[in-house]
Number of protein chains: 2
Amino acid sequence: MDTNTAEHKYRIGDFAAVTGLSSPTLRYYEKEGLIKPHRTENGLRYYTKQYASWIKFLLHLKSTGMTIEQLKQYVEWRAEGDSTIDKRIALLQEVHDNFEKQFAELQHSWTILNDKLDWYKGKVNGHIEDSEDFAAYLKRLNHKE
Amino acid sequence: MDTNTAEHKYRIGDFAAVTGLSSPTLRYYEKEGLIKPHRTENGLRYYTKQYASWIKFLLHLKSTGMTIEQLKQYVEWRAEGDSTIDKRIALLQEVHDNFEKQFAELQHSWTILNDKLDWYKGKVNGHIEDSEDFAAYLKRLNHKE
DNA sequence: CTTTGTACTAAAGTTGGCTTTAAGTTTAAC
DNA sequence: GTTAAACTTAAAGCCAACTTTAGTACAAAG
């Protein structure tokens, strides 16, 4: 099967399929300093499977609210070695704290959306009185507006 | 105290403070058809406190991923009355389903961010072996990458 | 009644995160 | 060896959601 003699080299199009990103996005991330793929003698980029894990990790950080600029900073510090670990922790901690707040707000909005849908459905199928408006409904559920 | 003889009229600046939005944003939302404040004879907008609840509700929907365009559609249907309830339910349901997926992914990313921070902190204070990389750490926690 | 603060409109500008275009090069299949 | 697909770069374009600017009018305080 030849699975482990040498890492398979993915060209950008195939690697895009692996990561779920587009080729232009991979080039864009490279230009922004997030990734640095290998090159063949003729200048074509190539990526290995391990690289996909790294990119997925970056995308997770991105999802939690890190900007490209912050990711770049993180990647730079990482390349500088262990002396920057405290900086990296501080950066991730900041992202963590911001996300925690937003996440709480998001959960509240999620509750409101669900309550509103339930309220509409209750009105349509007659389980909720016509006279009970959404504010009253929330109050009855003991949910905040 | 004269609390209930007449609703207090907020001018745009004060109302912006109440809602946490800026005056230009309130004007922008109006232009996009999300809100329609009252006007004095001389053309100045004014808002009542009740209006704040409505805006907050719209912002909750916005947080769950609704675009301005979708909010506008929702507001239009609402103005048309009960005959559009099914459409409104369908729209909110779509937003609900999309958000549910994204929310699950977000929770995963949140776990990863927390794991990474814990891993860094464990390395710094010596509770995690230098030899254990992040992938191994995730595996040990039985967390997915 | 003047000054200072706030509001009005329309239009142009900003931002982040890509995506598209254009013109040329390399690779893979036949 | 030819051709089509996939790659290269740099630069321009796009989108949503605001924000800023410019020029003007109204409101509140002294």
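As the structure is a computational prediction, the values presented were derived from the model and not from experiment. Throughout, protein chains are lettered first and strands after them, A, B, ... in sequence-line order, and every chain is numbered starting at 1.
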Pair listing, side-chain hydrogen bond (donor to acceptor under 3.5 Å, both in side chains) test, anchored in residues 9-23 of chain B, at least two apart: B/Ser22-B/Thr25
Any donor-acceptor N or O pair under 3.5 Å, side chains B/Asn98, B/Gln102: no
B/Leu26 CG to D/dA17 P, straight-line distance once rounded to whole Å: 16 Å
Give every pair of a protein N or O atom and an N or O atom of nucleotides 1-3 of chain C that lie under 3.5 Å apart, one pair per line with the distance.
none

Residue-phosphate contact under 4.0 Å: B/Arg39 side-chain N/O, C/dT9 OP1/OP2: yes
Whole-Å gap separating P (D/dC18) and CG (B/Leu58): 12 Å
Phosphate OP1/OP2 of D/dC7: any A/Arg45 side-chain N/O under 4.0 Å: no
Nearest-Å distance for atom pair OH/C1', residues A/Tyr47 and D/dT8: 12 Å
Please tabulate, for side-chain N and O atoms in residues 136-143 of chain A, each donor-acceptor pair with protein atoms closer than 3.5 Å (sequence neighbours left out).
unit_1	atom_1	unit_2	atom_2	d
A/Arg140	NE	A/Glu132	OE2	2.8
A/Arg140	NH2	A/Glu132	OE1	3.0
A/His143	ND1	A/Asp115	OD1	3.4
A/His143	ND1	A/Asp115	OD2	2.4

Any residue meeting side chain to side chain contact (heavy atoms under 4.5 Å, CB included) with A/Glu41, in chain and number order, not counting sequence neighbours: none
Interface with DNA chain D, restricted to residues 12-21 of chain A and to heavy atoms under 4.0 Å: A/Ile12, A/Gly13
A/Leu92 side chain reached by B/Lys116 side chain, heavy atoms, under 4.5 Å: yes
Sub-6.0 Å ring centroid separation between A/His96 and B/Trp110: yes
Same cluster (ILVMFWY, side-chain, under 4.5 Å), A/Val75 and A/Ile89: yes
Trace of the side-chain contact (heavy atoms from CB on, under 4.5 Å) decision for A/Tyr46 with A/Phe15: CA-CA 8 Å; A/Tyr46 68 88; A/Phe15 193 68; over 6 Å; no
B/S/- contact track for nucleotides 13-30 of chain C, protein heavy atom under 4.0 Å: ----BBSB-----SSS--
Residues that A/Arg45 engages under side chain to side chain contact (heavy atoms under 4.5 Å, CB included), provided they are two or more places apart: A/Ile12, A/Arg27, A/Glu30, A/Pro37, A/Arg39, A/Tyr47
Whole-Å gap separating P (D/dT19) and CD (B/Glu32): 13 Å
Sequence-distant partners of A/Thr64, side chain to side chain contact (heavy atoms under 4.5 Å, CB included), two or more places apart: A/Val95, A/Phe99, B/Ser109, B/Leu113
Residue pairs involving residues 73-82 of chain B (criterion side-chain hydrogen bond (donor to acceptor under 3.5 Å, both in side chains); sequence neighbours excluded): A/Tyr120-B/Tyr74
Pairing residues for B/Glu32 by the side chain to side chain contact (heavy atoms under 4.5 Å, CB included) criterion, not counting sequence neighbours: B/Tyr28, B/Ile68
Contact residues, residues 99-109 of chain B to DNA chain D [heavy atom, < 4.0 Å]: none
Spacing of A/His38 atom NE2 relative to D/dC7 atom C1', expressed in whole Å: 18 Å
With A/Thr84 via side chain to side chain donor-acceptor pair (under 3.5 Å) - residues at least two apart: A/Arg88
Rounded distance (Å) that lies between atom P of D/dA16 and atom CG of B/Leu71: 14 Å
Short side-chain N/O contact from B/Arg27 to OP1 or OP2 of D/dT20, under 4.0 Å: no
